[in-house]
Amino acid sequence: MTPELVDSPFLRACRRQPVPHTPVWFMRQAGRSLPEYRAVRGAVPMLTACATPDLIVEITMQPVRRYGVDAAIFFSDIVVPLRAIGIDLDIVPGVGPVVAEPIRDAEGIGRLRPIEPDDVSYVTEAVRALTAELGATPLIGFAGAPFTLASYLIEGGPSKNHDHTKAMMYGRPDLWHALMERLTGITVGFLRVQADAGASAVQLFDSWVGAVAPDDYREFVMPYTTRIFENLADLGVPRIHFGVGTGELLGLLGEAGADVVGVDWRVPLDEAARRVGPGRALQGNLDPATLLAPWEVVEHRAADVLRRGAKAEGHVFNLGHGVLPSTDPGQLARLTDFVHETSAR
């Protein structure tokens, strides 16, 4: 890692060091809100795009060029490593990931083998190309967390109530722990491939973990999250943990071992700092829907996020979830400039 990269505002904020301005990037900054994304993706299926190095590089770079954000996020999908080890699944437009044969027994769990670098050689190729092009701008690698992956595999697709998932977790803890063990290894392997190729931070994305009560998180989820972060510690890159609807879990998310805790829009950052406790930076947390309002509203609410974020030991400005497809890219460009200018020290 070059000195310029090590000293980037994003990595400094993740390490809770002084920064020249609050760094900013946006979850799902590369995607359907950008006309250049729609042009380059065209009719290419999502999982094909995620396995094509040239497309990965172009799509990852688009928001960096347009917005001047302080970090790039690797263009991929949380189910990519599952597809790479042979699970029959697809991303269905308007639905999400759909698994052909849901995994609900020991035989199904046995189909989950460890991931090898050769399974995702396109990831290594794309990360190396990206880090060369990005220069002093950090690249964030990412993966889905075991609970969310388990939910997709057990339910067979997106679920409102996670019925089958919780039925296994509560009723067949032996199967649950066996499944989480395998998914933990796959997640560690996928993140290490990205970091080994040059990613300078990693984010663990737990979309559905807000469906779990704190006591259940501690028993059924946290041991695996902790193991992931422990198994990445030797890489020396910041580890970010983000979940949706996790207000009641924020303290546990920090306790699990992340360097940076991502906060969704439901909890103000000053309160999140209190819940997470010392020794962690925070990331977040403007409501993505705010960007659909007039600029004056965006400006007021972004300023409030910055003011509350100042209570954290380190703050990376972001949204409280991903950019909505109907977002005007001009709003994001203006927001990036506003955060940089308002927070300049």
Side-chain angles (χ1 to χ4, degrees), residues 8-14 18-39 58-75 134 136-140 142 201 203 205 238 240 242-244 260-273 281-312 314-345:
S8 65
F10 169 75
L11 291 179
R12 289 185 66 86
C14 289
V19 290
H21 59 259
T22 300
V24 53
W25 70 278
F26 306 111
M27 286 184 281
R28 293 194 194 134
Q29 63 189 16
R32 291 171 291 173
S33 64
L34 290 176
E36 55 265 45
Y37 170 83
R38 295 193 296 271
E58 171 60 22
I59 293 168
T60 301
M61 289 300 302
Q62 286 174 350
V64 179
R65 299 185 196 118
R66 183 184 271 264
Y67 304 135
V69 286
D70 294 282
I73 178 76
F74 187 72
F75 176 73
L134 284 163
T137 300
L139 174 67
I140 305 167
F142 100 107
Q203 174 158 301
F205 199 100
I240 308 167
F242 175 75
V244 182
V260 184
V261 175
V263 184
D264 76 8
W265 71 90
R266 295 169 176 85
V267 180
L269 284 182
D270 48 354
E271 171 59 16
L282 297 186
Q283 178 176 279
N285 72 336
L286 185 70
D287 186 338
T290 305
L291 291 161
L292 308 180
W295 170 250
E296 294 72 23
V297 177
V298 178
E299 185 178 59
H300 172 75
R301 288 180 171 260
D304 186 59
V305 170
L306 286 169
R307 179 177 61 80
R308 294 175 184 273
K311 301 292 185 182
H315 178 213
V316 176
F317 189 98
N318 207 312
L319 304 180
H321 200 186
V323 174
L324 297 171
S326 56
T327 303
D328 174 6
Q331 291 279 68
L332 285 168
R334 201 168 177 183
L335 178 56
T336 306
D337 291 342
F338 175 80
V339 171
H340 286 163
E341 291 162 8
T342 303
S343 65
R345 284 130 174 107

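Residues passing the side-chain contact (heavy atoms from CB on, under 4.5 Å) test with Ala201 are Phe10, Leu11, Ile140, Pro238, sequence neighbours excluded. With sequence neighbours left out, Gln29 forms a side chain to side chain donor-acceptor pair (under 3.5 Å) with no residue at all. For Arg12, the salt bridge (charged side-chain N to carboxylate O under 4.0 Å, His left out) partners at least two apart in sequence or on another chain are Asp7. Checked against side chain to side chain donor-acceptor pair (under 3.5 Å), Arg32 has no partners two or more places apart in sequence or in another chain. Residues passing the ring pair (Phe, Tyr, Trp, His ring centres under 6.0 Å) test with His21, sequence neighbours excluded: His340.
When all heavy atoms of Pro138 and Ala136 are compared, the closest pair comes out as CD-O, 3.6 Å. When all heavy atoms are compared, the tightest approach of Ser343 to Leu306 is CB-CD2, 4.4 Å. In plain terms, the two heavy atoms of Leu269 and Gly309 that are nearest each other are CD1-CA, 3.8 Å. Pairing each heavy atom of Pro288 with each of Gly320, the nearest pair is CD-N, 4.2 Å. Across every non-hydrogen atom of Ser326 and Leu292, the tightest pair is OG-CD2, 3.7 Å. Taking both residues in full, the closest heavy atoms of Phe26 and Val323 are given as CB-CG2, 3.9 Å, listed atom of the first, atom of the second, then distance.
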Would you list the atom pairs, donor with acceptor, under 3.5 Å between side chains in residues 331-338 and any protein atom, with sequence neighbours excluded?
| unit_1 | atom_1 | unit_2 | atom_2 | d |
| --- | --- | --- | --- | --- |
| Gln331 | NE2 | Leu291 | O | 3.2 |
| Gln331 | NE2 | Ala293 | O | 2.9 |
| Thr336 | OG1 | Leu332 | O | 2.9 |

Listed pairs under 3.5 Å, donor-acceptor, residues 61-69 side chains, sequence neighbours left out:
| unit_1 | atom_1 | unit_2 | atom_2 | d |
| --- | --- | --- | --- | --- |
| Gln62 | OE1 | Tyr37 | N | 3.3 |
| Gln62 | NE2 | Glu36 | O | 3.2 |
| Gln62 | NE2 | Glu58 | OE2 | 3.2 |
| Arg65 | NH1 | Glu58 | OE1 | 3.3 |
| Arg65 | NH1 | Glu58 | OE2 | 3.2 |
| Arg65 | NH2 | Glu58 | OE1 | 3.1 |
| Arg66 | NE | Glu36 | OE2 | 2.9 |
| Arg66 | NH2 | Glu36 | OE1 | 2.9 |

Run the numbers on Asp304 and Arg307 for salt bridge (Lys or Arg N to Asp or Glu O under 4.0 Å), then give the verdict.
-> CA-CA 5 Å; Asp304 186 59; Arg307 179 177 61 80; 2.5 Å; yes
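For the atom pair Phe317 CZ and Leu282 CG, the distance stands at 13.5 Å (nearest 0.5 Å).
Checked by atom type and distance alone, the side chain of His321 never pairs as donor or acceptor with a backbone atom of Asn285 at under 3.5 Å. Side-chain atoms of Ser8 never come within 3.5 Å of backbone atoms of Thr137 as a donor-acceptor pair (strictly under, hydrogens ignored).
For the pair Ile240 and Val316, the minimum side-chain heavy-atom distance is 4.5 Å or more. With contacts defined as side-chain heavy-atom distances shorter than 4.5 Å, the pair Pro35/Pro329 qualifies. Two residues are said to be in side-chain contact when any heavy atoms from C-beta on lie closer than 4.5 Å; Val305 and His315 meet this criterion.
Pairs passing the side-chain hydrogen bond (donor to acceptor under 3.5 Å, both in side chains) check and including a residue from residues 260-273, sequence neighbours excluded, read Asp264-Arg266, Asp270-Arg308, Glu271-Arg274, Glu271-Arg275.
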